[in-house]
2 protein chains.
Amino acid sequence: MSKASRIVEQLRRQILDGDRAPGTRLGQESLAAEFTASRMPIREALRALEAEGLVTIKAHSGAWVSALHQEEFEQCYKLREVVEPMVIGESVPLLSGAQIDQIGELADLIDNTGGAADLRSFLRLDREFHLLSYAGATYPFLTDLVTRLWNMTQPYRRELVRFMPAESFQATCAEHHLIVDALRSRDIDAAQTLVRLHIRRTRITLSRYGEVLWS
Amino acid sequence: MSKASRIVEQLRRQILDGDRAPGTRLGQESLAAEFTASRMPIREALRALEAEGLVTIKAHSGAWVSALHQEEFEQCYKLREVVEPMVIGESVPLLSGAQIDQIGELADLIDNTGGAADLRSFLRLDREFHLLSYAGATYPFLTDLVTRLWNMTQPYRRELVRFMPAESFQATCAEHHLIVDALRSRDIDAAQTLVRLHIRRTRITLSRYGEVLWS
DNA sequence: GATCAGGAGATTGTATCCAATCATCAGGAT
DNA sequence: ATCCTGATGATTGGATACAATCTCCTGATC
């Protein structure tokens with residue numbers, strides 16, 4: 001595996017984990033020093049992350065961790081409301097029983113995080129829960145798009161979930177279990193509707209606290 | 001504008017125009033000689049085109065113009081059947097009257113190409129017709145996806161359209177004009193249905209000749 | 001005859017160096 | 001006081017040189 005691709009993975013991990021906040025400058029020289037490499041693999045890594053939407057590059061100027069305006073953030077969620085039901089519809093008939101069991105276990109684990117109480121675990125498990133439920137889907141383009149949308153919004157989700165009230169967290173957990181039930185009974189329609197409503201409710205809940213974050 | 005981005009545009013154009021067929025090797029050294037540049041901007045360009053799906057890179061091995069199997073080609077069309085109705089639904093209410101007129105003119109121009117008779121013009125205009133009809137859509141991610149799907153399938157469309165019988169070409173033209181009518185009357189539902197059927201019929205028509213191409 | 005090991009050649013990946021471009025700030029004119 | 005202008009410093013873009021890796025051919029072995 002090349003040095004550039006290792007740097008891509010590490011940088012992506014750092015951005016998603018919140019170690020590098022949106023708007024942070026990514027200077028080639030300083031990154032080269034950090035990763036003990038030359039600027040060349042750094043440049044390739046930044047280009048790759050730009051293609052993923054995680055990094056924004058301005059010619060002859062520099063690279064920054066991509067930042068979203070509130071409208072862009074909400075547009076990502078609105079797009080997810082349309083695309084993810086489509087993807088889970090493809091996925092439901094093709095998921096294995098073992099996969100569905102695993103998704104159910106993730107739902108249980110999420111219950112125990114308490115949402116904002118264990119933010120890091122919640123974000124990681126919630127992401128895993130949803131993306132695994134799409135594992136059966138056959139359209140690589142759409143699953144890539146979904147992953148991109150999750151990645152791009154992750155830093156903001158981290159900040160916004162802090163404000164999420166307990167009742168909203170409980171709703172999230174309940175919806176997760178309903179989704180698992182729909183998967184178990186292979187009910188495509190129910191799964192699609194639940195996913196759409198789940199994302200929609202989350203968007204509306206989060207947008208209430210967006211004013212604080214973006215103002 | 002950087003040298004790399006100029007190379008991206010030229011290479012993309014060459015691939016879409018059929019000057020570089022799928023499976024063709026893209027050696028860094030030879031490309032550097034062609035474009036009178038060093039290998040460095042070439043690498044950046046290849047990475048960018050890889051992100052667009054037009055180029056496939058294998059580590060330590062090389063880059064090739066992306067090739068699709070028949071199943072992948074048809075999967076692109078099936079995905080278009082789902083995504084493009086969504087996009088045109090977003091687009092219809094936001095297209096300007098001037099844009100719709102322009103789309104109508106494109107439909108007329110396509111009639112005059114005679115399909116396989118003037119293949120180059122047909123491909124260019126057909127592409128322009130559809131992509132312009134999506135110009136009102138507000139989701140950049142989805143329009144990017146649609147453009148990617150068009151680009152990736154273009155080399156194969158070029159080959160397959162050669163076999164397209166006259167009746168199929170006439171059907172295509174008729175459907176185009178029906179779509180224009182739907183745009184003019186701002187009929188979202190009609191536009192979505194027509195686009196879906198248009199893509200579906202094209203896929204079925206083309207797949208009939210795929211055996212020849214891929215066997 | 002088929003398969004696998006090994007080495008030569010070619011090609012990609014990385015480091016270093018130089019050139020081009022942009023941001024910043026001082027200085028002067030309006 | 002504000003805006004424009006120009007020089008300086010920092011940073012990215014590109015070229016060249018070297019290292020790492022793969023491919024393919026050769027030849028030996030089963």
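Sequence lines set the chain letters: A, B, ... in the order given, protein chains first and strands last, and positions in each chain run from 1.
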Interatomic distance, A/H60 NE2 vs D/dT12 C1' [rounded to whole Å]: 6 Å
Atom-pair distance (CD on A/E29; C1' on C/dC18), nearest Å: 14 Å
Parallel, tilted or perpendicular, as decided by the 30° and 60° cut-offs, for the rings of A/Y156 and A/W214: parallel
Short side-chain N/O contact from A/R39 to OP1 or OP2 of C/dA15, under 4.0 Å: no
Atom-to-atom span, CZ of B/R47 to P of D/dG13 - whole angstrom: 16 Å
Touch class at under 4.0 angstrom, heavy-atom based, for B/A4 against every strand present: sugar-phosphate
A/I42 CD1 - D/dT12 P separation (whole Å): 11 Å
N or O in side chain of A/K58 less than 4.0 angstrom from C/dA23 OP1/OP2: yes
Presence of B/S61 side-chain N/O under 4.0 Å of D/dT23 phosphate oxygens OP1/OP2: yes
Whichever of A/S38 and B/G27 has its nearest DNA chain C nucleotide further upstream toward 5': B/G27
Heavy-atom side-chain proximity of B/L131 to B/Y134 below 4.5 angstrom: yes
Listed nucleotide nearest any side-chain atom of A/R25, set C/dT12, D/dA15, D/dT11: D/dT11
B/K3 NZ - C/dT21 C1' separation (whole Å): 14 Å
Note, B/R201 side chain near B/T172 side chain (heavy atom, < 4.5 Å): yes
Length of the CD-C1' vector between A/Q28 and D/dG14, whole Å: 12 Å
Atom-pair distance (CZ on B/R43; P on D/dA15), nearest Å: 14 Å
Residues, nucleotides or ligands: over 12 heavy atoms within 6.0 Å of A/R25 CZ: yes
Separation of C/dC22 P from A/W64 CH2 (nearest whole Å): 12 Å
Residue B/M40, side-chain atoms from C-beta onward, closest of D/dT16, D/dT12, D/dT21: D/dT16
Any donor-acceptor N or O pair under 3.5 Å, side chains B/S121, B/T113: no
